[in-house]
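What follows is a short report on a single structure.
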Amino acid sequence: MTAYYLVAMALLVVAGFFTARSRAFSIAGGHPSVLHSLPQYHGLYTAVLIFAGMLALFALGDPLVNWLARSAALKNLPPELAGDTLRSEAFLRDVINVSSGSFSSTDKSELAAAAQSYQHVKTIGSWVLLLAGLVLGGALLMFGSWRVSRRFRARNAFERAVEIVLMACAAIAILTTVGILFSLIGETYRFFFDPAIKGKPGVLDFLLGTEWNPQAAMRADQGEISTAYGFLPLLTGTLLITTIAVLVAGPLGLFSAIYLSEYASSRTRAIFKPVLEILAGIPTVVLGFFAALTVAPYIRGWGEYFGLDIASESALAAGLVMGMMIIPFISSLSDDVINAVPQSLRDGAYALGATRSETIKQVVLPAALPGIVAAFMLAISRAIGETMIVVMAAGLAANLTFNPLDAVTTITVQIKTILVGDQEFDSAKTLAAFALGFVLFFITLALNFIALRVVRRYREQYE
Amino acid sequence: MSERAATAKALDVPRVKDPKKAALLRARYRAEARYRSYGVISLAISTAFLIALMSNIMMTAWPAFWSHYLVIDVPLKAESIDPENTRTQDVLRSADYMAVVRTALDEAIPGIEGRVARKQLREVLSSGAADDVRSLVLADPGLIGKTVKLPLLLSDDADLFMKGVGTRVERTATRGIANPSATAGEATILTSGDDFAPLLTEIKKKAAERAAALRQQADRFEVHSGQGAHDSVAQLRAEADELQKRYDSPDFEEVLDSSVPSVLIEINDGLVKAARITGRAVTGDVLIPLKSTDPAQAGAWRIVTYTTPESSRAVGDRKVAFLDRFANAGMIEKTFNWRFFSSGDSREPELAGIRGAIVGSVLTLFVTLGLCLPIGVMAAIYLEEFAPKNRFTDFIEININNLAAVPSIVFGLLGLAVFLNFFGLPRSAPLVGGLVLALLVLPTIIISARAALRAVPPSIREGALGIGASKQQAIFHHVLPLATPGIMTGSIIGMAHALGETAPLLMIGMVAFIVDVPKSLTEAATVLPVQIYLWSDLPEVAFKYKTAAAIVVLLVLLFLMNGAAIWLRRRFERRW
C-alpha cells in the first residue's frame with residue numbers, strides 16, 4: 001500500500017509541475033518576461049506544494065491506520081492476557097506476522113481472528129489514506145495552477161521552501177547531538193535510578209569503585225551474585241594506555257612538525273608529509289591487527305630476554321601502536337600553528353644572533369604554545385575514544401594498575417565487550433555500557449571544549 | 001621556507017677569536033645540530049613504523065593470495081553418483097561426492113590401512129573439494145561414468161605446508177644397503193653402513209643442549225623463588241641429568257618423540273617413520289606401505305627429516321608424508337586464489353572469501369554517500385551562504401565541530417539506542433550501518449564542502465547577482481558547480497574514512513558470521529574492516545594470512561579512493 005501511495009505522490013508531483021508550467025506559458029502568451037517568475041518556478045512551486053502536502057498527510061495518516069488496526073486486533077486479545085503489557089505486545093507481534101503471511105502456525109483461534117480483523121482494518125485504512133492523498137494532491141494541483149498569474153511570485157515562494165530544507169539539513173548536526181545525549185543520558189539514568197533494574201550500583205560506587213566485573217550479572221538465578229561496576233580500573237587502564245601513547249607520539253609528532261615546518265626543504269616536505277598522511281589514513285583495525293600479532297609478541301619476547309614477565313596483552317603494546325596512530329594528528333595540528341607564527345618574530349630572533357634551535361625554543365614554540373596544547377588535548381581525546389586498537393591488543397581483565405607491562409582494559413573495550421553479541425535491554429550489564437559511553441562522551445567533549453577555550457583565550461593576535 | 005633557509009645560511013660561518021666565546025659558540029652549534037637531529041629521528045621512526053607495518057602485512061598476506069590443489073584422477077562412477085540413471089538435478093545434487101573424492105584419494109596412494117591413517121589422508125583435502133566436484137557434475141552431467149583429472153582443493157593446513165609454513169623436508173643420501181623387515185605395520189630397517197650415526201649424534205647433541213637449558217632454568221628458578229620451589233628445581237635437575245646421561249653414552253638407543261625433528265626412511269616406494277634409532281637400525285611405523293622387503297642399494301633409499309618437531313606444527317607427520325609424496329609426483333598445482341574474491345565467509349579458512357564483506361561495504365557506503373552528500377552539501381550551503389550571524393547558527397557550528405571529535409564508538413551507541421531500539425530497524429543491516437556512518441562522516445563533509453564554497457571568489461556571486469540572478473540562482477547555477485571538485489574531494493576522503501571504520505558497526509551487530517553475499521539493504525551483512533576483525537580473532541593459523549590479505553584489499557581500496565581524491569584535486573582545482 002505504501003508503494004501505491006508513493007507512486008501516486010510521484011505521479012501527482014510530476015503532473016503538478018507540468019500543469020502549472022504549461023499554464024504559466026499560456027498566461028504569458030509567448031512572452032515569459034511578462035511573468036514575475038519563470039514558468040518553471042510556477043511548476044516547481046506547485047510540485048513542492050503537492051509533495052509537502054501529501055508527505056505530511058502520509059506521516060500523519062500511516063501511524064493512525066496502524067494504531068486503528070492494532071486496537072482492532074487487541075479487541076480479540078485472549079482475556080488472560082489483558083493487562084499484561086509484555087505478553088499483549090508479543091500477541092500483537094504474532095498478529096502482524098500472521099497477517100503478513102510470514103508466520104503460518106495459526107493454531108490459536110484468537111490469533112487467527114485478531115489477524116483477520118487487523119488485516120481488515122489495515123486494508124480499509126490504507127485505501128482511505130490513498131484516496132485522501134489523491135484528493136489532497138489533486139486539490140493542491142488545482143490550487144497551484146490557479147495561483148499562476150503574471151504577478152504571483154512563485155520563485156520567492158519556492159526559494160523560501162528550499163531555504164527551509166537547507167536549514168533543516170544544517171540542523172541535523174543538532175539532531176545528532178540531541179540523539180547522542182538522549183540515548184546516553186536516558187540509558188545512563190536507567191542504569192543508576194530505574195528501580196526495575198537489578199544489581200545496579202550507586203553513582204558513587206560506580207565512579208569510585210575499584211572492581212569491575214559485569215559478567216557475573218548475567219545469571220539471575222544464582223542467588224547472591226557478586227557483580228561490581230567500579231569504574232576506576234577502566235579509567236586507570238584507559239589513562240595508562242593514553243599516557244604511553246602520548247609519551248610516544250608527543251615528542252615524535254612535535255619534533256616532526258618542527259622539522260617539517262622549520263628545517264625541511266620543500267622536497268623533504270613533499271616526501272614526509274604524505275608518509276604522515278598515509279599513517280593517518282590507516283584504519284585502526286589494521287593497526288590493531290599489527291599490534292596484537294606483531295608488536296605484542298615482539299615486546300613479550302624482548303621482555304623474556306631481559307627476564308621480565310610481560311603480559312601478552314600488555315598496555316605497552318597497545319599504547320605504542322596507539323602512539324603511532326596519533327603522531328600524524330599531533331604533527332599536522334602543530335605544523336599548522338607553527339606555520340601561523342609570523343616570520344617577523346623569527347627574523348627578530350635571528351637578528352639578535354639566535355641560532356635556529358634557539359629561535360624555535362624561545363620564540364616560535366612559546367608563540368605557538370596554545371595551539372600545541374590544543375593539539376595535544378585533541379590527540380588525547382582521540383586516544384581515549386579509540387576502540388579497535390585496544391579491543392585487539394589490550395586485555396579484558398580490569399586490573400587496577402599503573403604497570404605498563406600488565407594487561408589492562410579500557411572504557412571502549414568494555415563497551416564493545418558488553419554490547420557485542422546477545423543483549424537484553426533490561427539488564428544492568430547492558431545499561432552499564434551506556435553509562436560508560438556517557439562518561440567517554442563527557443570526557444572527550446570536555447577535552448575538546450578546553451582545547452577550544454585554550455586556543456581562543458591565549459591566542460596571540462599578530463596583525 | 002627558502003627565506004628561512006637563507007637566513008640560517010648566513011649564520012653558518014663563525015669567526016671568533018676569544019677561545020671562551022668560541023667554545024660557547026661551538027656548544028650552541030652542537031645544540032643546534034642535536035635539535036635538528038631530533039626532528040630527523042622522529043620522522044625516521046614514523047617512516048620506519050609505516051614501512052614495518054606495510055611490509056609485515058604484505059608478507060603475511062602473500063601466501064593467502066595463492067591456493068594449492070591436488071590434481072588426481074577422479075572416477076565419476078555412475079553407481080556412486082546416480083545409480084538409477086535418472087540424471088535429474090536433484091539426484092545429482094544430493095549424491096555423496098565426498099565418497100567419490102575419497103575413492104580417488106585411495107587410488108592415489110594405495111594400501112593405506114587403518115582408520116586414523118585413512119582419516120589423515122582424507123584431511124589432506126578441503127571439505128570444499130567435494131562441493132567443487134558437485135558443481136562440476138551439475139554443470140556437465142555427461143562427465144558421469146568417466147574418469148576425469150580434477151583439481152581438488154587442499155585443506156588449510158595442507159595448503160600452508162605447501163606454502164612452506166609447516167616444516168622443511170630434507171633428504172639425505174645413504175651409503176649402506178638397507179634391509180626392511182616388513183611392508184606394513186611396524187618395520188625395522190637395518191643398514192650395512194653407518195647411515196644413522198650422524199642423526200644419532202645430532203639428536204644426542206640436542207638432548208645435551210636441552211639439558212643445559214633446563215639446568216639454567218633451574219638455577220634461575222632457585223635464585224628467584226627461594227625455598228618454596230625446591231621440589232620443582234629438583235625435578236628440573238633430575239630431568240637435565242637424564243638427558244645428559246643419554247648424551248654421554250653414544251651407543252644408547254634414542255627414542256624419537258614429537259618434540260624432536262621427525263626422521264623417516266624412504267625405501268621401496270614406502271615410508272617408515274622412525275620411532276627408535278641406533279647407529280645401524282631404525283624401528284617404527286610404516287606410513288606408506290613398502291612394495292617389498294627386498295634390500296635396497298645405497299642411494300636407492302633415503303633418510304627424510306622434517307625439521308620442525310611434530311608438536312610445534314599443525315600438520316602431522318602422516319599428512320606431511322602424503323603431501324610430500326603428492327608434491328614429488330607433480331600432482332600439486334598452485335593457482336591464484338580467486339576463491340578469496342568470489343566467495344563469502346566460511347569456517348574453513350581455505351574456503352573463506354571476502355566477497356560478502358566487500359558487497360556489504362559497498363551497500364553500506366552506498367547508503368552513507370546517498371545520505372551524506374546531499375545533506376552535507378545542503379548544510380554547508382546554508383551555513384556558508386544563507387545563515388544569518390546569530391546564536392542558532394553559532395550553536396550549529398559548535399555542534400558540528402564537536403561531533404567531528406566524538407569517538408566513533410559513541411556513534412555506535414547512538415545507532416543501537418536510536419535506530420535499532422527506538423525505530424526498530426533490522427540489526428546487522430547495511431541500511432543501519434550506512435545511517436550510522438553517515439552521521440559519523442557528516443561533519444567531515446560539511447567542513448570540507450564549506451571550505452570548497454569559501455574558495456569560490458565573491459566576484460562570481462557578485463557577477464551573477466549583478467545581471468539579475470536571485471541569490472539561490474547565483475549559488476546553485478554558478479558557485480556550486482565551481483565548488484564541485486572540492487566537494488567531491490572532501491566526500492571521497494570522507495567515504496574512505498567510513499570504509500575503514502569498524503567500532504560503530506560492531507555496536508549495531510554487523511559482527512555476525514554471514515556466509516551469504518548480501519543482496520539487499522536490510523539483509524544481515526558484514527563489512528570489510530569488521531571481517532578483518534572477525535578473522536583476526538579466529539584460532540586457525542590460516543586465518544592469520546587471510547586477515548592480512550583482507551587488510552591488503554582494504555588498503556588497496558583506500559589507496560585508490562585517496563588517489564582519486566588527489567587526482568580530482570590536481571585536475572580540477574582552480575586558483576583565483
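Each chain gets a letter, A, B and so on, in the order the sequences are listed, and its residues count up from 1.
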Please state whether the side chain, the backbone, both or neither of [X] comes within less than 4.5 Å of a heavy atom of chain A.
X	answer
B:Leu413	both
B:Leu555	side chain
B:Phe411	side chain
B:Ile375	both
B:Phe419	neither
B:Leu53	both
B:Ala548	both
B:Leu554	side chain
B:Val530	neither

For chain A, find which of [options] contributes the most heavy-atom pairs closer than 4.5 angstrom.
options	answer
B:Ile409, B:Thr60, B:Ile400	B:Ile409
B:Leu403, B:Ile51, B:Val410	B:Leu403
B:Ala405, B:Ala380, B:Gly376	B:Ala405
B:Ile381, B:Thr547, B:Leu442	B:Thr547
B:Tyr533, B:Tyr38, B:Tyr382	B:Tyr382
B:Pro407, B:Ser42, B:Gly500	B:Ser42

Strictly distance-based, threshold 3.5 Å: is any side-chain N or O of [X] a donor or acceptor partner for the main-chain N or O of [Y]?
X	Y	result
B:Thr393	B:Pro388	yes
B:Ser428	B:Gly509	yes
B:Gln473	B:Ser470	yes
A:Glu187	A:Leu431	no
B:Asn56	B:Ala52	no
B:Gln531	B:Ala357	no

Can you tell me which portion of [X] sits under 4.5 Å from chain B's heavy atoms? Options are side chain, backbone, both or neither.
X	value
A:Ile384	neither
A:Thr412	both
A:Val295	neither
A:Ile415	both
A:Leu447	neither
A:Leu279	both
A:Leu184	side chain
A:Thr294	side chain
A:Ile172	side chain
A:Pro251	backbone
A:Met392	side chain
A:Phe442	neither
A:Leu293	side chain

Q) With respect to A:Glu262, which candidate in A:Arg269, A:Arg346, A:Arg356 satisfies the salt bridge (charged side-chain N to carboxylate O under 4.0 Å, His left out) definition? A) A:Arg346

**Q.** B:Phe49 ring center near A:Phe290 ring center (under 6.0 Å)
**A.**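 Ring-ring flag for B:Phe49/A:Phe290: true, centres closer than 6.0 Å.
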
(Q) With a 6.0 Å cut-off on the ring centroids, do B:Tyr35 and A:Phe255 count as close? (A)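 Distance test on ring centres: under 6.0 Å, yes.
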
(Q) Take a 6.0 Å sphere around CZ of A:Arg155 and say whether it holds more than 12 heavy atoms from other residues, nucleotides or ligands. (A) yes

Q.
Take a 6.0 Å sphere around NZ of B:Lys21 and say whether it holds more than 12 heavy atoms from other residues, nucleotides or ligands.
A.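 Atom NZ in B:Lys21 is not crowded, with 12 or fewer foreign heavy atoms closer than 6.0 Å.
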
Q: Mind ranking A:Pro328, A:Ala170, A:Ala249, A:Gly385 by heavy-atom pairs under 4.5 Å with chain B and telling me who comes out on top?
A: A:Ala170

Q) When only pairs under 4.5 Å are counted, which of A:Arg382, A:Glu386, A:Lys361 shares the most heavy-atom pairs with chain B? A)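 Heavy-atom pair counts peak at A:Lys361.
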
**Q.** Side chains of B:Asn390 and B:Asp394, donor plus acceptor under 3.5 Å
**A.**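 No donor-acceptor contact under 3.5 Å links the two side chains.
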
Q.
Show, in sequence, the C-alpha distance, side-chain angles and deciding distance for A:Ser265 and A:Thr268, and conclude whether the side-chain hydrogen bond (donor to acceptor under 3.5 Å, both in side chains) test is met.
A. CA-CA 5 Å; A:Ser265 66; A:Thr268 319; 2.8 Å; yes

Q) Do the ring planes of A:Phe182 and B:Phe422 sit parallel (below 30°), tilted (30 to 60°) or perpendicular (above 60°)? A)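 Correct class here is perpendicular.
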
Q | Pair B:Ser37-A:Tyr259, side chain to side chain contact (heavy atoms under 4.5 Å, CB included): steps then yes or no | A | CA-CA 9 Å; B:Ser37 69; A:Tyr259 184 81; over 6 Å; no

Q: May I ask you to decide whether B:Arg450 forms a salt bridge with B:Glu397, counting only side-chain N to carboxylate O separations under 4.0 Å?
A: yes

Q: Could you check A:Thr177 against B:Asn399 for side-chain hydrogen bond (donor to acceptor under 3.5 Å, both in side chains), going step by step and ending with a plain yes or no?
A: CA-CA 7 Å; A:Thr177 311; B:Asn399 256 307; 2.5 Å; yes

